[in-house]
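Contents: one structure, followed by commentary.
It should be emphasised that the depicted structure is a prediction, and the values quoted were computed from it without experimental measurement.
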Amino acid sequence: MPDKKTATELFEEAATKSESEKFILSLFVAGMTPRSLRAIENARQLCETYLKDRYELEIIDIYQQPGLAKDAQVIAAPTLVKNLPPPLQRFIGDLSDPEPILIRLALKKEGKGAS
Amino acid sequence: MSGSRASILVKQLRKTATGIAGFDEITSGGLPQGRPTLVCGGPGSGKTLFGMEFLVRGAREFDEPGVFMSFEEKDMDLVENFSSLGFDLDDLVTRNKMALDYVHFERNEILETGEFDLEGLFVRLGYAIDTIGARRVVLDTIEALFSGFPNEGILRAEIRRLFRWLKDRGVTAVITCEQGRGTLTRHGLEEYVSDCVILLDHRMIEQVATRRLRIIKYRGTTHGTNEYPFLIDEGGLYVLPITSLGLTHKALTERISSGIPRLDTMLGGEGYYRGSSILITGTAGTGKTSLAAHFASSACLRGERCLYLAFEESESQIVRNMRSIGVDLQPWLDNGLLHFHATRPSFYGLEMHLVSMNKLVRDFKPSVVIMDPVSNMISVGSAAEVKSALMRFIDSLKMEGITALFTCLISGQHQDLTDMGVSALMDTWATVQDIEINGERNRGLYVIKSRGMAHSNQVREFVLSSDGVHLIDVYIGPGGVLTGAARLAQEAKDRANAKERTEEIERKKREFASRKLAVDAQVSGLLAELSAQEAELEKLAQQEAKRKASAERELVELARQRHAD
């Protein structure tokens with residue numbers, strides 16, 4: 001077939017796509033505790049720094065909307081859920097250590113400094 | 001002061017009935033109300049079923065809604081799996097009697113990024129409890145969290161907090177846990193639940209599976225400490241309550257027929273006591289099943305229900321065979337008075353048999369139970385185990401006033417040797433024995449013991465005919481006990497002997513008469529001789545007198561001639 005792409009082409013396409021792709025994130029917190037506030041602050045900072053203009057961050061208090069906790073399979077609090085792009089990922093804790101999150105989100109390569 | 005203390009005590013002992021058959025009896029009431037209970041066990045031991053049945057029965061029978069939080073099975077799978085047990089979870093969920101929450105997590109989806117707690121779990125559980133007003137909660141199996149969350153320290157603290165939280169909410173909770181190697185739970189959760197710990201066990205003994213339940217701990221109440229066998233069948237869990245054990249049953253004085261009039265006569269004229277246990281022993285082919293069938297038939301004839309537990313023959317085989325001796329069981333099967341339960345002993349473990357038999361008795365409510373033959377049980381347990389299982393079965397039957405008849409195959413001629421030593425448990429013991437004489441095998445029946453009645457000590461010949469079992473007097477003579485053809489031959493011989501003896505007497509009589517005649521003749525001859533001798537003696541005396549007189553005369557004459565003076 002004429003329009004068949006090689007593996008290299010596919011990879012490059014995916015790589016450029018990931019740089020422009022929009023991130024849909026949900027942060028579940030349990031009440032306005034210092035830990036929750038810390039998590040919210042860390043999440044905002046992370047998004048602003050690495051995903052500027054291509055993210056949506058929703059903050060949900062599970063005390064206010066307990067039904068959503070079940071739907072989103074939230075167990076721990078705080079939990080940051082990356083709904084899109086796939087795969088679905090969960091980050092539990094107050095997000096005080098951004099390094100592993102960035103690696104997981106493929107925003108940073110492992111073992112090296114910021115690019 | 002003392003009043004408030006007493007009320008606290010009563011409050012502590014308050015229990016929540018599970019509705020699981022037998023379980024509430026062994027715990028005298030159920031699980032501790034408003035407290036968490038740990039149910040641990042290996043894979044496939046019935047933990048999830050225990051939890052689910054606790055909720056379903058709670059919702060159905062006690063109007064207590066429940067939350068099932070599953071960490072392993074999806075709620076759709078749960079609904080599907082439990083529909084086979086007749087638990088319609090969908091219906092309970094739509095009626096707000098139950099809430100299912102499947103807690104799903106993938107190790108590789110989760111990344112720890114700092115401080116956290118399990119508040120999400122608390123919120124979900126609290127939300128579910130509040131939505132349906134739940135009184136019962138099941139967490140199945142919470143330990144699965146350990147595989148999803150690497151930070152064990154936080155997890156432990158949170159699980160401990162969860163148990164405390166459940167207690168504060170006042171819900172009766174069941175927490176299932178996987179059993180660890182040498183420990184009750186793999187992650188030591190028994191440390192956090194201190195009120196009630198139940199262990200479910202599923203072990204193989206000689207390739208036969210046996211399920212057991214044990215209450216390891218139950219704070220603030222008495223409980224049975226034994227291992228209780230339990231059964232999982234189409235109706236859910238069934239625990240065998242051994243707590244009903246004890247020699248407290250009432251002895252009944254009513255008598256019931258054995259189905260064989262002559263045997264009733266041997267048993268003090270009236271048959272067995274109702275509620276007693278009867279043992280029929282005998283070697284192979286001595287007619288034990290025939291005796292049992294007679295008893296079953298007579299029970300049905302009285303309009304009583306009879307449960308026939310067959311371990312050797314199928315239902316139709318017994319019916320066919322018994323028809324050949326004139327006992328027709330089919331009508332009783334048709335009208336439901338007779339119920340057969342035919343299984344091979346190796347089908348279950350011993351305890352399972354016991355549980356299933358108890359369940360049958362509970363469901364069918366018979367007044368007569370027959371186990372044919374009990375000796376086959378030895379193939380699934382040691383003699384001591386069989387004995388203890390039978391003892392429990394007999395006791396439970398006695399408590400209900402059910403008459404039980406057991407047949408037992410014995411080997412060889414040692415009729416007093418039952419393999420399992422069960423004879424001591426029996427009230428009435430009859431044995432059917434082979435008697436082999438003159439190339440013929442016959443059956444003899446006698447009653448070895450029968451508590452509380454004047455029973456016959458006689459051996460009766462046991463004859464199977466086309467119109468049933470007959471008991472006939474045996475021949476007892478100088479040659480010993482004779483039966484069958486030998487008995488008939490001996491009886492004919494006896495008649496010939498008697499005739500011979502009367503003829504002999506006649507002959508003797510005649511002989512005597514003639515002898516008497518001869519003697520009489522002899523006597524008269526002697527008398528004649530005697531009188532002849534007497535006459536001669538008389539004659540001699542006369543002659544002497546004459547001679548003496550003439551001699552005197554001559555002397556006088558002589559003197560006269562000599563002129564003597």
Among Val123(B), Asp117(B), Ile110(B), which residue forms the greatest number of heavy-atom pairs with chain A at distances under 4.5 Å? Asp117(B)
Keeping the roles fixed (side chain from Glu112(B), backbone from Gly93(A)), state whether a donor-acceptor pair exists under 3.5 Å. no
Out of Thr131(B), Leu145(B), Val103(B), which one racks up the most heavy-atom pairs below 4.5 Å with chain A? Val103(B)
Between Lys47(B) (side chain only) and Gly42(B) (backbone N and O only), is there a donor and an acceptor less than 3.5 Å apart? yes
Looking at Asp61(A) and Gly31(A), would you say the former's side chain and the latter's main chain have a donor-acceptor pair under 3.5 Å? yes
Between Phe23(B) and Phe230(B) (judged by ring centroids, cut-off 6.0 Å), do the two rings come close enough to count as a pair? no
Name the member of Gly114(B), Gly148(B), Gly126(B) that forms the most heavy-atom pairs with chain A at distances under 4.5 Å. Gly114(B)
Looking only at Tyr102(B), Phe149(B), Phe122(B), Tyr127(B), most heavy-atom pairs under 4.5 Å shared with chain A are made by Tyr127(B)
Let me know if Phe91(A) has heavy atoms under 4.5 Å from chain B in its side chain, its backbone, both or neither. both
Please evaluate residues Thr18(B) and Asp24(B) with respect to the criterion side-chain hydrogen bond (donor to acceptor under 3.5 Å, both in side chains), reporting the C-alpha separation (whole Å), side-chain torsions for both, the decisive distance (0.1 Å), and the verdict. CA-CA 6 Å; Thr18(B) 59; Asp24(B) 296 338; 2.7 Å; yes
